[in-house]
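Each remark here refers to the structure printed beneath this line.
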Amino acid sequence: MKKCLLVMVLILSISFVFASGETEEVLTGPVELEFMVSPWVGQPVPNVDNPIKDYILDKFDIDIKLTNSSEFDQQLLVRFASDNPPNYIHLGNKSSLAFQLYDEGVLLEDWNEYKDRLPKTMEMMPDIAEKYFTVDGKLIGLALPPPPANWSLKIKKTWLDSLGMEMPTTAEELLEVARAFTFNDPDGNGKDDTYAFTSAGGGKNIGDLIFQLQHMWGPSGFYIDDSQNIQHPILDGNHKQFLDFVKTIVSEGLIDPDWYTQSWEQHKARIFNDKIGLVWYPGVIASETENATGLTGDTIDWYESMPMPKASENGGKDLHIGIYDRLIVVSKKTSENEREMDAMIRFLEGTTLGSEAYNAIRWGVGAFEGPTMVDINDVYKYSSYPSKDTHFFQNFKGAFDYGKLISSRGDHVIQGGTQTEISEIALKQVELDSTTLSFKRYSNEPAMLSLDPNNTSNAKDVLDQFEIKYILGETMDYEAFTNEWLASGGQALLEEAEAQFKKYGFIK
Amino acid sequence: MKKLNNEKVYQILVTFIIITISIVCLFPLVYVFMLSLTSKSEWIDKEGVIFWVNNPTLFAYKGVFKFGGTIGKAFVISILRTTVGTFLTLIITIISGYTMSRKNLPGRKIMIIMIMTILIFNGGLIPTYLVVKETNLLNTFWAMIVPMMMYGWGALIFKQFFENIPAEIEESAQMDGASEINLMMNIAVPISAPVIAAIGLFSAVIHWNSWFDAMIYITDPRLKPLQLVLRNMFVDNNLSWATGTMNHDPSMLSVTDESQKMAVAIVGTIPILMVYPFLQKHFVKGVYTGSVKG
């Protein structure tokens with residue numbers, strides 16, 4: 001017993017070593033600021049010998065404390081409710097959280113007061129985002145332009161070539177190509193093992209088919225029609241035509257049989273296995289396929305970006321882009337502390353997209369030995385490093401989360417790892433993404449809608465249940481579904497969307 | 001003869017049911033383990049359906065231990081938390097249980113009601129956070145220890161056990177001049193070793209598995225326990241977003257994200273899985289200790 005007690009006293013003494021108390025505010029030296037983010041990686045990063053932390057200290061005189069929480073919303077609300085908020089909060093695309101915190105009066109009230117001190121930051125902020133985040137004339141947060149639209153249909157060019165077919169431009173042509181992809185042995189292996197389409201429904205819904213196909217007829221959500229009226233595909237007939245098309249591809253066996261049940265990762269396995277002809281993916285599919293198949297170089301030319309086929313007068317465009325990327329808010333407490341606010345402005349203005357500090361914090365270029373960045377063309381850049389062993393981010397992957405604080409996909413950086421020369425894969429990705437950037441897209445006004453989550457969830461449940469039943473032929477009564485959808489929240493959403501469009505001045 | 005046949009059928013049926021249930025229970029564990037050993041190429045060949053791995057790789061585990069220092073430090077914190085936390089919980093719980101077992105204690109009923117109340121209700125996340133903040137425990141090792149020191153259910157178990165100690169033993173000790181503290185330390189505690197083991201084990205498992213309190217109270221990376229680090233690896237792990245749109249480094253892409261997550265799950269499970277078989281009997285004791293009076 002005495003020995004046990006002795007051991008426990010020893011352990012208690014050791015544990016005191018790990019204990020550290022709260023400290024008083026220091027008014028000289030670097031400014032201590034806490035930055036909170038929902039992490040990409042979430043792994044701990046050392047406080048000492050941390051070149052990114054040191055870089056921020058040298059450049060901005062800020063002793064940065066990075067708080068990355070996987071239960072971000074909950075932890076953030078607890079922190080605010082307990083009057084112990086972080087200084088800088090990266091809200092990502094959580095605009096509703098920003099509005100909620102603003103309503104509670106715990107955020108910096110109006111960024112308009114700092115506009116003249118943040119010229120580069122304000123210049124980057126899109127007008128539509130500024131409008132969206134302005135409440136009663138007060139700007140509640142800072143946002144970046146939306147990420148570049150790099151998702152689009154990718155078609156197996158090698159299959160098209162082997163079948164002697166052209167890229168489809170209409171729904172009928174798409175169906176013909178799909179039949180050939182499925183039944184005419186496009187890979188020439190003598191086996192009936194290919195499909196035109198796939199999806200990853202995860203047993204819950206029809207997955208990404210909506211992005212692949214519904215846009216042939218029109219937008220997939222609320223939109224404003226030519227007569228300035230609010231519309232929705234369930235009410236304008238587009239959704240029914242889309243479901244009829246899906247029903248055809250399912251009944252003819254043109255789609256991977258596991259499309260409704262498989263997960264995203266499982267569906268990727270089938271794509272990389274050369275079994276699928278059409279996928280909804282960004283240009284990174286070129287490098288992902290190459291990496292998955294052993295970097296042989298054989299798959300680089302598999303895909304080509306394909307514009308959305310047109311099935312109606314207003315159809316044939318891709319999904320709209322968002323209105324912003326990366327929303328930043330600052331706590332009211334910080335705004336009341338002049339020293340902290342000065343440091344915050346130094347950081348925000350010094351880390352704008354493309355700046356030296358941006359590249360250092362996001363990609364390590366200039367923060368430590370190794371990483372370099374070169375231009376691929378006027379838009380895209382290529383970053384690499386000679387050795388993984390000396391790369392701080394590679395040894396402490398959690399350090400990537402510093403980069404998330406300021407990151408934007410609008411930097412157009414392609415990370416090449418230890419391959420220092422710009423590779424064919426990188427060039428293919430640039431080609432795929434550049435082509436996608438040129439595609440027509442639906443108006444992004446609907447991205448400003450912030451609709452009631454309960455009604456949205458209820459209406460979506462009804463939609464998900466009906467879609468699979470309709471596709472499998474278990475029901476044909478579209479009218480009954482429309483009524484049920486309206487009753488379960490669709491009508492309320494319609495009215496709410498109309499009110500919001502009016503508020504933003506999109507309709508009179 | 002007929003009776004023998006019926007018995008045989010019964011035995012075969014029972015064996016079949018038990019084997020089926022065992023397979024159903026074990027399959028997810030085996031699947032998790034197999035997936036943690038699966039290379040990306042095999043994952044693609046088998047299109048994500050893995051029952052057996054032909055070419056196992058430890059790359060996913062290498063990924064978990066790659067930032068060995070981090071995992072190692074988190075492991076030390078978890079061990080410290082579990083040992084210190086359990087020790088202090090036992091001390092407070094034993095003292096509370098002993099005090100409540102004294103029938104002549106003024107306010108005993110109120111004390112029991114208070115303990116019962118915290119079994120049913122708690123202060124809630126924000127009030128508890130405020131208490132931890134105001135007591136300057138935020139971002140310290142003790143934020144994971146102090147709020148969990150009072151283990152209400154354990155205290156009631158101890159109370160029940162101490163009440164069943166024959167009065168004659170205590171009376172004879174009192175006649176020899178033993179004080180209440182002597183009675184507790186030299187009579188009650190030594191004979192309650194099985195209860196201490198059971199409650200200690202429950203407390204240890206709770207401490208070992210806890211991550212939420214650390215997530216809320218701790219921001220210093222040096223103080224994060226293993227379960228929180230592993231959970232973050234499991235939940236976040238969006239390296240493809242972090243590293244950019246493309247990466248040619250084959251070693252980073254030898255296994256899928258799923259395999260990486262399964263390796264994390266295995267690493268988090270193994271330590272407590274290794275302890276369990278040796279201490280399982282105490283768990284069983286813990287369930288019925290104090291439930292029989294007299």
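Letters go in sequence order (proteins before strands), and every chain restarts at 1.
- Side-chain atoms of A/Gln262 and A/Thr198 form a donor-acceptor pair, as typed in the model, at a separation below 3.5 Å.
- Residues A/Tyr402 and A/Phe35 place their aromatic rings such that the two centres sit no closer than 6.0 Å.
- For A/Glu34, the part sitting under 4.5 Å from any heavy atom of chain B is the side chain, from C-beta outward, and nothing else.
- Here salt bridge (charged side-chain N to carboxylate O under 4.0 Å, His left out) pairs that include residues 190-218 of chain B, with residues two or more places apart or in two chains, are B/Arg81-B/Asp213.
- Looking at A/Asp411, neither its backbone nor its side chain comes within 4.5 Å of chain B, counting heavy atoms on both sides.
- A side-chain donor-acceptor contact under 3.5 Å links B/Thr219 and B/Asn139.
- Of the listed residues A/Lys404, A/Arg79, A/Arg270, the one with more heavy-atom pairs under 4.5 angstrom with chain B than any other is A/Arg270.
- Contact annotation for A/Asn68: both backbone and side-chain heavy atoms come within less than 4.5 Å of a heavy atom of chain B.
- Under the rule for a ring pair (Phe, Tyr, Trp, His ring centres under 6.0 Å), the partners of B/Phe75 that lie at least two apart in sequence or sit in another chain are B/Trp208.
- Only the side chain of A/Thr67 comes within contact range of chain B, judged by heavy atoms closer than 4.5 Å.
- No part of A/Lys268 comes within reach of chain B, as not one of its non-hydrogen atoms sits under 4.5 angstrom from that chain.
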